[in-house]
Amino acid sequence: MKATFARLVMLGLLGSAALAAQTPAPPGQAADEVHTFTEGARYTIHHNVSLVILDGVAVDAKGNAITDLKQSEFHITEDGAPQTIRNFDVPGKYVVDPTVTIESTSDLNRLAPRAPVNIVLLDEFSTRFEDMAFARYSLKKWLDAQPVKLDTPTMLVAVSLDKFEVLRDYTQNKDEILNSLNNHFAAYPWQLHQITWSPEQYSAAHLALRRVAEATAGHPGHKTMIWIGRGFPSNRNFGQGTKVETDDESLTSRTLNELRDARVTLYTIDPAGVMIDPGSAYPSPGWFYWPFGGDQRFMAMALATGGRNFAGRNDVDAEIGTSLRDGKSFYTLTYIPPNPDTEIRKLRHIKVTIDRPGVTFISRSAYFPDGHMARTNQDGTMGRQMQAELVAAGLTNLKYDNVNFSATMSETDPNEVRIHIDGKRLSYVIPKDESQPRYTEFTVLATTFDAKHKSLKAQVATYKHTVEDAPHYGPVNRPADALFKINPDPKAVSVRFVVRIDGPGSMGSVDMPLKAGAKAESVAAEAAAQASTPTTPSKETAAPAATPPPAS
């Protein structure tokens, strides 16, 4: 499947700074035409501040992680200009409490909402079957050497050309990961040796990276993603250039920006190891023999997120261990960029130096400040980017955690579902015409499945929710409701709902049986109490949209 992707916002948002105003207006001064100020009252000014967030690991000359550095030892420059460090987190600050055990995404959001996590991804579409067997052996070897309870919650994912499957949700139980690995039948990549399948492999790689970023964006903790496999197809004539940061409109750069937004650091491991006779392993042309098939863009993506590449070694278990060790050793630094709203198309270069001799800080070295997010086509119909995002979210068992919502089926009609979205994650638009009310737009996708969890049908509807009494400026925390009518296949026994908020593009998901009275909450909603603000009168419109095309 060929899809046009668009970037998400690069910078984190730090909002609301409070300021108390105690002094009344001088006598005789004209009243403010918009606001009414009362003597002795307190007022809050809300301001969004753009932050550049740097997650990185400090290593010595031998590659050992250094975890005792102080903020005063770090120095940041952007395009050569010194920057002030606003926040500084040392490694281990948000690790999971030893008395807590994480066994799911819901547990993570509820019990350790800022903890670092590991995501191990097995690439089964661009990697030789024999090499993947060695990768699985190496992962087992590393796990066998670990304690029964891992200190970092870890997720295991397998990706083939036609499937993205979470083999084990976040867990600290190494035996659970081992059992999931042992019970997984790896896909045989027969398309690997046929160059005509390169577009599908290229799309699958990008879609896998974007799925992880979009699904985990709601968890503010740092994510270490270990990609075990060759990544992009070994075909230099396909795709885009070798550089990933010269154009913020390129497909690779936009995928990279999503990873950064979600605080995902990518580590790539080529399990081919040392090849004695590469010609018998990977066919000609010759660059197939090189690490990651010679595709410099895939290797550059890891470096651009602050990660590393490992290749040409047979100790893959040690490479996995190094990647996961780095995930526990990350420092987090933030600074406010100069002139964040100007020259948004200009690539900005970051340099971090450390006073301690021989210590290097590995982190991302550049970013694009901000950009446009393609939501729909000019005629208002669903764009290909949105279709790809929704289809990917609807067909996987990966939990999307960036929208708080619940789905409740009617007691009398299991095909009628009430969607309730918490107001904290909704993005309310400020109309240019101040006489018009604030509004938010969102999309609901329903994908039904049979008893063997085979997808049957996808339906999608768009909604516009307005709030008549909301202030024209300032934050709006109002929930929204939508009524969705399912038209299921007779074989359908379950459904996955995906809610996508227009503007920020954040998504959440729930899975539930097709049963009257059934109710399910997104993992974000499970971790936080629903807002107590009563629903205000609103206008709600729903317009059916075209059913998304099948995923590749």
Side-chain angles (χ1 to χ4, degrees), residues 12 53-59 63-67 89-96 102 105 108-109 112-123 135 138-139 142-143 146 149-159 166-172 174 177 208-229 231 255-256 258-271 298-299 301-311 316-333 360-364 398 401:
I53 302 175
L54 295 177
D55 293 311
V57 59
V59 297
N64 299 313
I66 306 299
T67 60
D89 290 339
V90 298
K93 181 176 181 179
Y94 297 110
V95 295
V96 179
I102 304 300
T105 300
L108 178 69
N109 287 0
R114 301 190 67 180
V117 297
N118 298 321
I119 302 169
V120 180
L121 187 146
L122 303 177
D123 167 6
S138 300
L139 180 57
W142 180 84
L143 285 168
Q146 305 309 305
K149 183 180 180 180
L150 304 176
D151 51 10
T152 304
T154 301
M155 178 190 295
L156 181 62
V157 178
V159 183
V166 176
L167 303 182
R168 185 60 175 86
D169 196 6
Y170 290 121
T171 181
Q172 291 180 270
K174 78 167 185 179
I177 300 176
L209 291 168
R210 292 169 68 91
R211 265 176 166 161
V212 171
E214 291 160 359
T216 63
H219 177 65
H222 176 261
K223 299 109 186 169
T224 300
M225 183 178 179
I226 300 95
W227 182 293
I228 306 178
T255 299
L256 173 61
E258 286 210 26
L259 293 172
R260 289 167 168 170
D261 293 339
R263 297 186 66 190
V264 176
T265 300
L266 178 63
Y267 284 75
T268 58
I269 299 175
D270 186 344
F298 190 69
M299 292 183 281
M301 285 189 71
L303 299 178
T305 64
R308 299 201 241 177
N309 299 294
F310 297 99
V316 173
D317 59 312
E319 296 173 338
I320 295 172
T322 299
S323 303
L324 297 175
R325 180 214 65 186
D326 282 4
K328 298 187 296 183
S329 307
F330 270 81
Y331 293 86
T332 299
L333 301 86
T360 303
F361 190 65
I362 303 175
S363 182
R364 59 190 177 99
L398 182 63
D401 63 3

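Listed here is the closest heavy atom pair of Arg364 and Ile53: NH2-O, 2.7 Å. The nearest pair of heavy atoms linking Asn309 to Ala302 is OD1-CB, 3.5 Å. Of all heavy-atom pairs spanning Ala311 and Glu319, the tightest one is N-OE2, 3.9 Å. Across all their heavy atoms, Arg168 and Met155 have their closest contact at O-CG, 3.3 Å. A pairwise comparison of heavy atoms in Ala217 and Ala262 identifies CA-CB, 4.1 Å as the closest pair. Closest non-hydrogen pair, Ser329 versus Ala65, comes out as OG-CB, 3.6 Å.
For the atom pair NZ (Lys149) and OG1 (Thr171), the distance works out to 10.0 Å, reported to the nearest 0.5 Å. In this structure, the separation between CD1 on Ile177 and CG on Leu156 is 6.5 Å, given to the nearest 0.5 Å. With values rounded to the nearest 0.5 angstrom, Lys223 atom NZ is found 12.5 Å from Asn118 atom CG. Taking OG1 from Thr332 and NZ from Lys93, the interatomic distance works out to 9.0 Å, rounded to the nearest 0.5 Å. Between the CE atom of Met301 and the CG atom of Leu266 there is a distance of 6.5 Å, given to the nearest 0.5 Å. Between the CG atom in Asp326 and the OG1 atom in Thr224 there is a gap of 7.5 Å [rounded to 0.5 Å].
A donor-acceptor pair is defined here as one N or O able to donate and one able to accept, closer than 3.5 Å; no such pair exists between the side chain of Asp317 and the backbone of Trp142. The backbone N or O of Leu150 sits less than 3.5 Å from a side-chain atom of Gln172, completing a donor-acceptor pair.
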Run the side-chain contact (heavy atoms from CB on, under 4.5 Å) check on Thr255 and Glu258 step by step: do they pass? CA-CA 5 Å; Thr255 299; Glu258 286 210 26; 5.8 Å; no
Would Val120 and Leu139 count as a side-chain contact (heavy atoms from CB on, under 4.5 Å) if you check the C-alpha gap in whole Å, the side-chain angles of each, and the deciding distance to 0.1 Å? CA-CA 9 Å; Val120 180; Leu139 180 57; 4.2 Å; yes
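Legend: residues meeting side chain to side chain donor-acceptor pair (under 3.5 Å) with Arg114, ordered by chain and number and at least two apart, are Tyr94. Every side chain to side chain contact (heavy atoms under 4.5 Å, CB included) that Ala112 has, sequence neighbours left out, goes to Val96, Ile102, Leu108, Ala115. Under the salt bridge (Lys or Arg N to Asp or Glu O under 4.0 Å) criterion, Asp55 pairs with Arg263, not counting sequence neighbours. With sequence neighbours excluded, the residues that form a side chain to side chain donor-acceptor pair (under 3.5 Å) with Thr265 are His222. The side chain to side chain contact (heavy atoms under 4.5 Å, CB included) check on Ser363 picks up Leu54, Phe361, with sequence neighbours excluded. For Ile362, the side chain to side chain contact (heavy atoms under 4.5 Å, CB included) test picks out Val57, Val59, Arg308, with sequence neighbours left out.
At a threshold of 4.5 Å between non-hydrogen side-chain atoms, the residues Leu324 and Thr152 do not count as touching.
Using cut-offs of 30° and 60° on the angle between ring planes, the pair Tyr267 and Phe310 is parallel.
Among Thr268, Ile226, Ile228, Val157, the one residue that satisfies the side chain to side chain contact (heavy atoms under 4.5 Å, CB included) test with Leu121 is Val157.
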